A.B. asks: 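One structure coming up, written as structure tokens, with questions to follow.
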Amino acid sequence: NYEENDTLYQVREVLRRYEILSEGKFTVQYIDANLNPALWDKYNALGDLSTGDLVIEGSKRYKRLSPSDLYEYQTDSSTGKKYLVGLKAEQNLTSAILYVIADKVPKAAYIQGHQEVTAMEKMDALLKTCNYELSTVSLITGEPIPEDVDLLIINQPKADYETNEIDAIEQFLDNDGSLLVFYASD
């Protein structure tokens, strides 16, 4: 409950400032799910809607943020205990607003099939914060790069690419696609 909970004071303040500075383009409503079950059901389509969640809605789509999405935590390695270390409400609220008003949601695809490193938690988190939808594509099988992909990611391949794969990547780049390539230093 953002109106009554003192621990969420900083988030309330960020929301209040967004509302004031937006000159009517951004409004904040505090809704009691018990009094508005139809609204709860509508937003619960996002999955696992919980008390205290923020729902950012635009004309094209909506996005859910949990209270934990608005704070930065670190875990003490010796005790395993989580500590609050900062506020990231502005970053994630801005990202959510951009997502709900965007004409097109950008898409990124990891290329697979060359023994690439697949554990990219921080990269995935960054891309999701930037509102990218993530997928994979396997050029080695002849799978075409989907037309709606904006960004290809090659992450530390262990095997060489075949000529037809390189041609597909070059064609993607010629059509204004973007490419991130990561290599290990070993």
Side-chain angles (χ1 to χ4, degrees), residues 11 14-15 18 21-22 25-26 43-49 53-75 85-186:
V11 173
V14 171
L15 290 169
Y18 269 74
L21 296 172
S22 74
K25 295 177 184 168
F26 180 85
Y43 294 126
N44 203 32
L46 293 168
D48 300 329
L49 191 62
D53 284 354
L54 293 172
V55 177
I56 313 300
E57 182 175 21
S59 60
K60 300 178 185 345
R61 61 191 71 82
Y62 49 92
K63 186 172 187 172
R64 176 186 66 87
L65 296 174
S66 70
S68 65
D69 293 329
L70 306 175
Y71 293 96
E72 185 75 37
Y73 297 94
Q74 285 185 351
T75 304
V85 293
L87 182 69
K88 58 181 183 177
E90 187 172 345
Q91 175 186 6
N92 285 341
L93 284 167
T94 300
S95 175
I97 291 167
L98 292 172
Y99 173 77
V100 302
I101 65 172
D103 289 329
K104 178 183 181 277
V105 176
K107 296 186 178 181
Y110 286 96
I111 295 180
Q112 292 183 328
H114 302 87
Q115 303 164 6
E116 290 86 356
V117 173
T118 57
M120 292 284 289
E121 286 180 37
K122 290 187 181 205
M123 176 59 78
D124 288 353
L126 176 62
L127 289 169
K128 287 177 183 176
T129 297
C130 295
N131 297 313
Y132 277 85
E133 290 181 3
L134 303 176
S135 64
T136 59
V137 62
S138 177
L139 301 180
I140 202 164
T141 63
E143 180 183 342
I145 299 168
E147 290 182 17
D148 60 349
V149 169
D150 303 290
L151 172 66
L152 281 177
I153 302 167
I154 300 173
N155 187 28
Q156 302 179 37
K158 305 286 188 273
D160 292 336
Y161 283 78
E162 299 293 327
T163 303
N164 62 325
E165 296 171 296
I166 294 169
D167 291 344
I169 294 169
E170 285 179 349
Q171 181 180 0
F172 172 79
L173 293 172
D174 288 343
N175 290 324
D176 295 326
S178 298
L179 177 66
L180 282 176
V181 180
F182 298 96
Y183 283 100
S185 60
D186 54 277

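Heads up: numbering here begins at 1 and tracks the sequence. All values derive from a computational prediction rather than experimental measurement.
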A.B. asks: Considering only heavy atoms from C-beta outward, does the side chain of Leu15 approach that of Phe26 to under 4.5 Å?
C.D. replies: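 Yes, their side chains come closer than 4.5 Å.
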
A.B. asks: Which pairs with one or both residues in residues 136-162 pass ring pair (Phe, Tyr, Trp, His ring centres under 6.0 Å), sequence neighbours excluded?
C.D. replies: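 Output for this query lists His114-Tyr161.
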
A.B. asks: How far apart are the closest heavy atoms of Asp148 and Lys107, and which atoms are they?
C.D. replies: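 Closest approach of Asp148 to Lys107, heavy atoms only: OD2-NZ, 2.7 Å.
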
A.B. asks: Other residues, nucleotides and ligands only: do more than 12 of their heavy atoms fall within 6.0 Å of CD on Gln74?
C.D. replies: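 Result for CD/Gln74: open.
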
A.B. asks: Can you name the closest pair of heavy atoms from Tyr73 and Ser68 and give their distance?
C.D. replies: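 It is CE1-O, 3.9 Å.
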
A.B. asks: Do Ile166 and Asn164 have side-chain heavy atoms sitting under 4.5 Å apart?
C.D. replies: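 Side-chain contact under 4.5 Å: no.
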
A.B. asks: Nearest 0.5 Å, please: how far is CG in Asn92 from CD1 in Ile56?
C.D. replies: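 Rounded to the nearest 0.5 Å, the CD1-CG separation comes out at 10.0 Å.
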
A.B. asks: About how many Å separate CD of Glu72 and CD of Gln91, when rounded to the nearest 0.5 Å?
C.D. replies: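 Going from the CD atom of Gln91 to the CD atom of Glu72 covers 8.0 Å.
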
A.B. asks: Under a 3.5 Å threshold, yes or no: a donor from one side chain and an acceptor from the other, between Ser135 and Tyr110?
C.D. replies: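 Note: Ser135 and Tyr110 side chains miss the donor-acceptor criterion.
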
A.B. asks: Passes salt bridge (charged side-chain N to carboxylate O under 4.0 Å, His left out), Lys60 versus Asp103? Steps please.
C.D. replies: CA-CA 8 Å; Lys60 300 178 185 345; Asp103 289 329; 3.4 Å; yes

A.B. asks: Would you say the side-chain atoms of Thr141 pair up with the backbone N or O of Ser138, donor to acceptor, closer than 3.5 Å?
C.D. replies: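 Such a contact is found between Thr141 side chain and Ser138 backbone.
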
A.B. asks: Does the side chain of Pro67 come within less than 4.5 Å of Val11's, by heavy atoms?
C.D. replies: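 Val11 vs Pro67: side chains apart.
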
A.B. asks: Which is it for Phe182 and Ile154 under the side-chain contact (heavy atoms from CB on, under 4.5 Å) test, yes or no, and what are the steps along the way?
C.D. replies: CA-CA 6 Å; Phe182 298 96; Ile154 300 173; over 6 Å; no

A.B. asks: Once you round to the nearest 0.5 Å, how far does CD of Gln156 lie from CE of Met120?
C.D. replies: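 Spacing of CD (Gln156) from CE (Met120) equals 7.5 Å.
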
A.B. asks: From Tyr132 OH over to Leu126 CG, what is the distance, rounded to the nearest 0.5 angstrom?
C.D. replies: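 CG of Leu126 is found 9.5 Å from OH of Tyr132.
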
A.B. asks: Rounded to the nearest 0.5 Å, what separation is found between the CD1 atom of Ile111 and the CD1 atom of Ile140?
C.D. replies: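 It is 11.0 Å, given to the nearest 0.5 Å.
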
A.B. asks: Using the rule given for side-chain contact (heavy atoms from CB on, under 4.5 Å), can you reason through Leu152 versus Ile145, listing the C-alpha separation, both sets of side-chain angles and the distance that settles it, and then say yes or no?
C.D. replies: CA-CA 9 Å; Leu152 281 177; Ile145 299 168; 3.5 Å; yes

A.B. asks: Any side-chain to backbone donor/acceptor pair from Arg61 onto Ala102? Under 3.5 Å, distance only.
C.D. replies: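 Pair found, side chain donor or acceptor close to backbone of Ala102.
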
A.B. asks: Would you list the atom pairs, donor with acceptor, under 3.5 Å between side chains in residues 167-178 and any protein atom, with sequence neighbours excluded?
C.D. replies:
residue	atom	partner	partner atom	Å
Asn175	ND2	Gln171	O	3.2

A.B. asks: When you compare the side chain of Val137 with that of Val149, does any pair of heavy atoms fall below 4.5 Å?
C.D. replies: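 Heavy-atom side-chain distance check fails, nothing below 4.5 Å.
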
A.B. asks: According to ring pair (Phe, Tyr, Trp, His ring centres under 6.0 Å), does anything in residues 90-109 pair up with another residue at least two apart or in another chain? List the pairs.
C.D. replies: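 Residue pairs with at least one partner in residues 90-109: there are none.
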
A.B. asks: Quick one: does Asp124's side chain get under 4.5 Å of Leu134's, heavy atoms only?
C.D. replies: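 Yes, close enough: below the 4.5 Å cut-off.
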
A.B. asks: Of all the heavy-atom pairs spanning Lys63 and Ser95, show the shortest one and how long it is.
C.D. replies: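 For Lys63 versus Ser95, the nearest heavy atoms are NZ-OG, 4.4 Å.
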
A.B. asks: Do the side chains of Leu70 and Leu65 get nearer than 4.5 Å, heavy atoms only?
C.D. replies: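 Heavy-atom side-chain distance check passes, below 4.5 Å.
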
A.B. asks: If we only count heavy atoms from C-beta on, is the Lys88 to Tyr71 side-chain gap below 4.5 Å?
C.D. replies: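 Contact flag for Lys88/Tyr71 side chains = no.
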
A.B. asks: Under 3.5 Å, side chain of Asn155 to main-chain N/O of Glu116, donor-acceptor pair present?
C.D. replies: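 Looks like no, no N/O pair under 3.5 Å.
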
A.B. asks: Is any side-chain heavy atom of Leu151 closer than 4.5 Å to one of Leu127?
C.D. replies: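 Contact flag for Leu127/Leu151 side chains = yes.
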
A.B. asks: Can you tell me if Lys122 has over 12 outside heavy atoms packed within less than 6.0 Å of its NZ?
C.D. replies: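 Not buried by this count: 12 neighbours or fewer within 6.0 Å.
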
A.B. asks: Between Asp150 and Ala108 (side chain of the first, backbone of the second, donor and acceptor by atom type, cut-off under 3.5 Å), is there such a pair?
C.D. replies: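 No; zero donor-acceptor contacts below 3.5 Å.
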
